[in-house]
Structures are given as C-alpha cells and as structure tokens.
Protein chains: 2
Amino acid sequence: MNSIGVASERSGVGIEAIRYYEREGVVPAADRQANGRRVYDDAAITRLRFVRRCRGLGFSINQVKTLLSLSLSRKENCEDVSRIGHKHLDEVRQKIIDLQMLEGALVELLTNCEGGEARCPLLVRLFED
Amino acid sequence: MNSIGVASERSGVGIEAIRYYEREGVVPAADRQANGRRVYDDAAITRLRFVRRCRGLGFSINQVKTLLSLSLSRKENCEDVSRIGHKHLDEVRQKIIDLQMLEGALVELLTNCEGGEARCPLLVRLFED
DNA sequence: CTTGATCCTGTAGTAACTACAGGATGCATA
DNA sequence: TATGCATCCTGTAGTTACTACAGGATCAAG
C-alpha cells in the first residue's frame, strides 16, 4: 500500500490534485490508516494515471467521470453504455486525426528548418476550411 | 470580412473566448471598422480554429502561443524552432499513442457490450504500469 | 528525543474561460 | 422615418480545474 506522496509520484498526479479528485468524486475516497493518512493500492494509482492521461488529452473532468463509469455499468444499461461509448469513440477518433495532422505539419516544419530552408510551413494552415 | 459572431460560428470559438484570446495576446488584435467593431479575415478565423483544436487536444494556452510562433520564426533562431518543435512533436506522438489505446479499449468495450456480454473490460486497466 | 519529511484540513490564488450587465450601433420592417 | 430586435462594445463577476500556501499533527531516522 502506498502513501499519497508515492501515489502522486507513480501516477503523475500532484498530491493536491489527488485530494481535489477525491473531493469532487472523480475517484472514490481513499482508505485511511489509523492515523488518518490516505493509502492507495495499485488499482487506485492506475485510476489516477487514467484521469491524468484523459485530462491531458483534452477531456473534461465530467467526461473522465463518464469514461470511468462506462466499464462499471451492468447489463441493464448496456444501451446507455453503447450510446455514450460511441459518442466518446467519435471524439477520440477526431482527436487522433487532428493530432496526426499536427504531427505531419510539425515534421514538415522541422525538416525544412533543419534542411536550412528559411521558409516554414504555417502550422495554422492546418485547419483551413 | 467577417464580424466576431460569424468568426465565432466559423471557428467554433465562443465570442467571449475570442475576445479573451485577443486580450491575452494568443491571437493578434483584430482590425476594427469605423464603428469600433472587430473584423476577421479567413486567416484569422483559421487561426482561431487552430487554437480551439489545440486546446481540445490538451495543450495549454502558452503551448498554443508557442506553436503559433514556431512557423513565424526566421532563419536565425532555427535552432530554437528545432528544439521546441521536437519537444512538441514528442508530446503529440505520445498523445496519439494514448488516444489509440483509448480507442482500442472503447471498441472492445462496445463490442462486448453490444454482443450482450455483461463483463466489460475496465478502461482504467489502460494505463497500468 | 529532536529534527526534517510527509501528512492533514482549509483557504486563497491562478488559468482559461463563461456569463451577465449596461449601453451603443446596425439593420430590416411597418 | 420610426421602432424594435439582433449584434456589438467594455467591464466585471462567476465557474472549472487545479495549485499554492498556512498552520498544525505525525512519522521515521539519527
């Protein structure tokens, strides 16, 4: 079992952010030792890492909550899971497309740049109509 | 030339966010008509769209500023552009990897779910050590 | 038994918007 | 030409998602 400091280090989520996620119900409240200190097992740390990754990919806290709840749903609300899951899948795929365009543009920029060319492709051109 | 309302609609950036980006120097101040109203050309709208996409991909306002400035740099600071560009390229590629993992997990979740299986793969397992 | 690191709660500050309020201006329509 | 409704302006206040203390308890090494 890990202290909040170790959980922070291993998940990449700041200590204060971990406590914030607990307050906001993004993750379940951590168990406490007799002295009142929080303890985290590997699953809890993985969950924190999941939250961090999702936030870094531009999902809101509410979306992360939804994603976390998706796999906890039971058979009964499978239709809901399907509908919500597909919506998020669409969004994930659009983000991948956007990132791949950005990747391509950055590669071109760096190739030109390192080839000694003064003219750089404008990144903003990326998202023309 | 477009009004701020049209620019908002075409870029997907809210009117108040557009004015906020101007105040913060994320985008250059828009030209004004004689009556004081802002006007936006296609390039300005594309730039706003670029900001929105990047923000949606989890980049901070400062990172977006940096990305916008990358292609405006001159030959002299090509080394800087290269260094900064590579750092961002790494981050873009990591985000793509994360999103592809999330995509795969969502597809699996939905396949099981729609196949009538009660057991759903845990999305949080995604980011185990 | 001290001392420095780590934890606790609680509050205040910051980043990036978002939502008014109050007033001017534009533009279609009677 | 009048009117009325949409859109714009500036400015301030509120929200989300943290981040940074303050002040105090607790742990663990020496």
Side-chain angles (χ1 to χ4, degrees), chain A residues 1-41 44-45 47-69 88 91 95 98, chain B residues 1-41 44-45 47-69 88 91 95 98:
Chain A
M1 292 297 244
N2 308 273
S3 68
I4 196 170
V6 173
S8 169
E9 193 137 323
R10 287 187 49 204
S11 67
V13 179
I15 289 176
E16 327 244 13
I18 293 177
R19 294 199 275 248
Y20 171 77
Y21 290 152
E22 180 176 319
R23 265 200 315 284
E24 296 299 307
V26 182
V27 297
D31 287 341
R32 303 289 184 123
Q33 288 177 325
N35 56 24
R37 295 188 172 196
R38 294 171 177 85
V39 284
Y40 298 85
D41 59 16
I45 291 174
R47 198 160 41 219
L48 288 168
R49 196 179 294 122
F50 179 84
V51 175
R52 178 175 62 81
R53 293 278 164 90
C54 288
R55 292 285 303 124
L57 295 169
F59 292 101
S60 72
I61 284 291
N62 273 330
Q63 286 180 306
V64 177
K65 278 190 195 177
T66 303
L67 286 169
L68 282 169
S69 73
H88 281 88
E91 191 168 337
K95 281 179 197 284
D98 287 349
Chain B
M1 292 298 245
N2 308 274
S3 70
I4 196 170
V6 173
S8 170
E9 193 138 321
R10 288 187 51 203
S11 67
V13 179
I15 289 175
E16 326 243 15
I18 293 176
R19 292 198 275 248
Y20 171 78
Y21 290 152
E22 181 176 316
R23 263 200 315 285
E24 296 298 309
V26 183
V27 297
D31 287 341
R32 302 290 184 122
Q33 288 176 326
N35 56 24
R37 295 187 171 197
R38 293 172 178 83
V39 284
Y40 297 85
D41 58 17
I45 291 174
R47 198 159 42 217
L48 287 169
R49 196 179 293 121
F50 179 85
V51 176
R52 177 174 63 80
R53 293 278 164 90
C54 289
R55 292 288 301 127
L57 295 169
F59 292 100
S60 71
I61 283 292
N62 272 331
Q63 286 179 307
V64 177
K65 278 189 194 177
T66 302
L67 285 170
L68 282 169
S69 73
H88 281 87
E91 192 167 338
K95 281 179 197 284
D98 287 348

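Quick note on labels: first sequence line is chain A, next is B, and so on, each numbered from 1.
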Visitor: So how far is it from B/Ile18 CD1 to B/Arg47 CZ, rounded to the nearest 0.5 Å?
Guide: 11.5 Å

Visitor: Please report, rounded to the nearest Å, how far the P atom of D/dT19 is from the CD1 atom of A/Ile18.
Guide: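 A/Ile18 atom CD1 is separated from D/dT19 atom P by 11 Å.
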
Visitor: Taking 4.0 Å as the cut-off, does a side-chain nitrogen or oxygen of B/Arg55 come that near to OP1 or OP2 on C/dA16?
Guide: no

Visitor: When the distance from CD of A/Glu22 to C1' of C/dT9 is rounded to whole Å, what number comes out?
Guide: 12 Å

Visitor: When the distance from OH of A/Tyr40 to C1' of C/dC8 is rounded to whole Å, what number comes out?
Guide: 12 Å

Visitor: If you assign each of A/Arg37 and B/Arg23 to its closest nucleotide in DNA chain D, which residue comes earlier from the 5' end?
Guide: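 Nearest nucleotide further toward 5': that of B/Arg23.
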
Visitor: Checking only heavy atoms, does the side chain of B/Glu24 share a donor-acceptor pair with the base of C/dC17 at less than 3.5 Å?
Guide: no

Visitor: Within this structure, what is the CZ-to-P distance between B/Phe59 and C/dA16, rounded to whole angstrom?
Guide: 14 Å

Visitor: The side chain of B/Ile15 lies closest to which of these nucleotides: D/dC8, D/dC18, D/dC9?
Guide: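 The listed nucleotide nearest to B/Ile15's side chain is D/dC8.
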
Visitor: Output the distance between atom CZ (B/Arg38) and atom CZ (B/Arg32), rounded to the nearest 0.5 Å.
Guide: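 One gets 4.0 Å once the value is rounded to the nearest 0.5 Å.
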
Visitor: According to a strict under-4.0 Å criterion, is B/Arg19 in side-chain N/O contact with OP1 or OP2 of C/dA16?
Guide: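 Checking C/dA16 against B/Arg19, no side-chain N or O comes under 4.0 Å of OP1 or OP2.
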
Visitor: Hey, could you give me the CG/CD distance between B/Leu68 and B/Gln63, rounded to the nearest 0.5 Å?
Guide: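 Taking CG in B/Leu68 and CD in B/Gln63, the distance rounds to 12.0 Å.
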
Visitor: Please determine if a side-chain N or O atom of B/Tyr20 lies less than 4.0 Å away from the OP1 or OP2 oxygen of C/dA15.
Guide: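 False: B/Tyr20 side-chain N/O out of range (4.0 Å or more) of C/dA15 OP1/OP2.
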
Visitor: Looking only at side-chain N and O atoms, does B/Ser60 come under 4.0 Å of OP1 or OP2 in C/dA15?
Guide: no

Visitor: Using 0.5 Å steps for rounding, measure from the OG atom of A/Ser11 to the CD1 atom of A/Ile4.
Guide: 9.0 Å

Visitor: Should A/Tyr21 be listed as having a side-chain N or O under 4.0 Å from OP1 or OP2 of D/dA17?
Guide: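 It does not, given that no N or O in the side chain of A/Tyr21 lies less than 4.0 Å from OP1 or OP2 of D/dA17.
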
Visitor: Phosphate oxygens OP1/OP2 of D/dC8: is one of them under 4.0 Å from a side-chain N or O of B/Arg38?
Guide: no

Visitor: Does A/Asn35 place a side-chain N or O at less than 4.0 Å from the phosphate oxygens OP1/OP2 of D/dC27?
Guide: yes

Visitor: Let me know the distance between CG of A/Asp31 and P of C/dC8, rounded to the nearest Å.
Guide: 13 Å

Visitor: From the options D/dT19, D/dC8, D/dA17, select the nucleotide whose nearest atom is closest to the side chain of A/Glu16.
Guide: D/dT19

Visitor: Could you give the NZ-to-P distance, from A/Lys65 to D/dT16, as a whole number of Å?
Guide: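 Distance, rounded to whole Å: 10 Å.
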
Visitor: NZ/A/Lys65 to CD/A/Glu24 distance, rounded to the nearest 0.5 angstrom?
Guide: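 These two atoms lie 6.5 Å from each other.
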
Visitor: Just call it for A/Arg32: base, sugar-phosphate, or nothing, with non-hydrogen atoms closer than 4.0 Å on any strand.
Guide: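 Sugar-phosphate: the residue A/Arg32, judged by heavy atoms under 4.0 Å, touches backbone atoms but no base.
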
Visitor: Given atom CD1 of B/Ile61 and atom P of C/dT18, what is their separation to the nearest angstrom?
Guide: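 In whole Å, C/dT18 P lies 11 Å from B/Ile61 CD1.
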
